[in-house]
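Contents: one structure, followed by commentary.
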Amino acid sequence: MYNMSPDPIVRHARREDVPAILELIRELADYEHELSSVEATEEKLLCTIAFAPSSSTSTVPAADETESTSSNKPARCLILLSPQGIPAGIALYFYNYSTWRARPGIYLEDLYVKQSERKKGYGKRLLVELAKEVVASKGGRLEWSVLKWNEPSIKFYESIGAKMMSEWVGMRVDGEGLNKLAALLD
């Protein structure tokens with residue numbers, strides 16, 4: 001079923017990984033004090049993530065082996081399996097685009113490693129695999145957001161060469177505000 005090699009394995013998620021992915025999403029939300037905000041279900045994840053085939057034996061992530069992304073299925077997920085075969089971390093991401101560079105990139109929506117599996121290099125391993133994908137696609141950047149209060153994560157990201165973008169502010173429209181905006185000119 002899962003990894004039993006002496007090293008962790010990172011691969012694109014398969015449909016059978018969805019229960020573990022949802023569990024890790026819930027753990028992340030709990031860590032961020034937002035568990036009540038989780039609307040993800042196994043069914044929703046199955047409909048919105050582009051998965052690798054169950055028959056895939058590849059242990060090296062290869063995006064071209066997964067289902068195609070689309071507007072309805074925009075996300076991909078890397079899963080890290082510990083040497084004991086336990087799902088220990090995920091990186092949920094999607095492709096973005098830099099207009100100034102006219103190049104593709106990756107936006108990391110969520111990176112999470114189980115608390116019991118931290119300090120083993122797993123977060124770094126997931127980020128390295130994403131960086132390799134950006135480089136292979138001749139992309140321009142790998143980017144993500146981090147909560148201002150999450151000092152351990154900020155220090156970790158800076159230790160691997162990430163730079164805080166202090167001149168940019170995140171913006172979002174969701175919930176009822178999204179419905180209002182969609183109907184603004186009606």
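Computed over heavy atoms, backbone and side chain alike; hydrogens, waters and symmetry mates excluded. Computed from a predicted structure; not experimentally measured.
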*asked:* Could you tell me if the side chain of Phe51 sits less than 4.5 Å from the side chain of Val18, heavy atoms only?
replied: yes

*Closest heavy-atom pair and its distance - Arg15, Pro19*: O-CD, 4.5 Å

*asked:* Would you say that more than 12 heavy atoms from the other residues, nucleotides or ligands in this model lie under 6.0 Å from the CD of Glu151, or not?
replied: yes

*What heavy-atom pair brings Leu126 and Gly89 nearest, and what distance separates the two atoms?*
CD1-C, 4.1 Å

*Please, which pairs that meet ring pair (Phe, Tyr, Trp, His ring centres under 6.0 Å) have at least one residue in residues 18-45, sequence neighbours excluded?*
Tyr31-Trp149, His33-Trp149

_Is the shortest side-chain heavy-atom distance between Leu80 and Ile90 below 4.5 Å?_
no

_Contact between Phe94 and Glu109 at the side-chain level, heavy atoms closer than 4.5 Å - yes or no?_
yes

*Report the C-alpha separation of Ser54 and Glu16 in whole Å, then their side-chain angles, then the decisive distance to 0.1 Å, and conclude whether the side-chain contact (heavy atoms from CB on, under 4.5 Å) test is met.*
CA-CA 7 Å; Ser54 295; Glu16 60 266 24; 2.6 Å; yes

*Report yes or no: do Asn96 and Glu143 form a side-chain donor-acceptor pair below 3.5 Å?*
yes

*Would you find a donor on one side and an acceptor on the other, under 3.5 Å apart, between the side chain of Lys44 and the backbone of Glu39?*
yes

*Interatomic distance, Arg172 atom CZ to Ser145 atom OG [nearest 0.5 angstrom]*: 8.5 Å

*Please walk me through it: do Asp110 and Leu28 pass side-chain contact (heavy atoms from CB on, under 4.5 Å)?*
CA-CA 9 Å; Asp110 280 309; Leu28 169 61; 3.3 Å; yes

_Closer than 3.5 angstrom, by distance alone: can the side chain of Arg103 be matched with the main-chain N or O of Gly139 as a donor-acceptor pair?_
yes

*asked:* Walk me through whether Glu23 and Arg26 qualify under salt bridge (charged side-chain N to carboxylate O under 4.0 Å, His left out).
replied: CA-CA 5 Å; Glu23 178 184 331; Arg26 290 179 195 266; over 6 Å; no

_Is any side-chain heavy atom of Leu78 closer than 4.5 Å to one of Leu130?_
yes

*Kindly compute the distance separating OG (Ser153) from CG (Leu147), expressed to the nearest 0.5 Å.*
8.5 Å

*Is there side-chain contact between Thr69 and Pro74, with at least one heavy-atom pair below 4.5 Å?*
no

_Just to verify, which of Thr48, Ile49, Leu108 counts as forming a side chain to side chain contact (heavy atoms under 4.5 Å, CB included) with Leu92?_
Ile49

*asked:* Would Ser98 and Arg141 count as a side-chain contact (heavy atoms from CB on, under 4.5 Å) here? Give the steps.
replied: CA-CA 8 Å; Ser98 170; Arg141 62 182 172 220; 3.7 Å; yes

*Below 4.0 angstrom, N of the basic side chain to O of the carboxylate: do Asp17 and Arg11 qualify?*
yes

*Single-linkage hydrophobic cluster, 4.5 Å side-chain cutoff, Val146 and Leu127 together*: yes

*Shortest non-hydrogen contact between Ile79 and Ala13, atoms and distance*: CG2-CA, 4.1 Å

*Return yes if a side-chain donor-acceptor contact under 3.5 Å exists between Ser82 and Glu117, otherwise no.*
no

_CA sep, side-chain torsions, deciding dist, call: Asp7, Arg125, salt bridge (charged side-chain N to carboxylate O under 4.0 Å, His left out)_ = CA-CA 11 Å; Asp7 297 315; Arg125 174 74 188 276; over 6 Å; no

*asked:* Within the 3.5 Å criterion, strictly below it, is a donor on Tyr95 or Glu133 matched to an acceptor on the partner's side chain?
replied: yes

_For the student: nearest non-hydrogen atoms of Ala29 and Val38, plus distance_ = CB-CG2, 3.2 Å

*Decide yes or no for Leu24 and Leu22: does some side-chain heavy atom of the first lie under 4.5 Å from some side-chain heavy atom of the second?*
no

*If every non-hydrogen atom of Tyr122 is compared with every non-hydrogen atom of Pro83, which pair is closest and at what distance?*
OH-CD, 3.1 Å

*asked:* How close do Arg101 and Gly140 get, counting heavy atoms only, and between which atoms?
replied: NH1-O, 2.9 Å

*Same apolar cluster (I L V M F W Y, side chains within < 4.5 Å links), Val128/Phe156*: no

_pair Pro53-Arg14: side-chain heavy atoms closer than 4.5 Å_ = no

*Would Leu142 and Tyr93 count as a side-chain contact (heavy atoms from CB on, under 4.5 Å) if you check the C-alpha gap in whole Å, the side-chain angles of each, and the deciding distance to 0.1 Å?*
CA-CA 10 Å; Leu142 170 61; Tyr93 69 98; over 6 Å; no

_Side chain proximity check, Lys124 to Glu129, heavy atoms < 4.5 angstrom_ = no

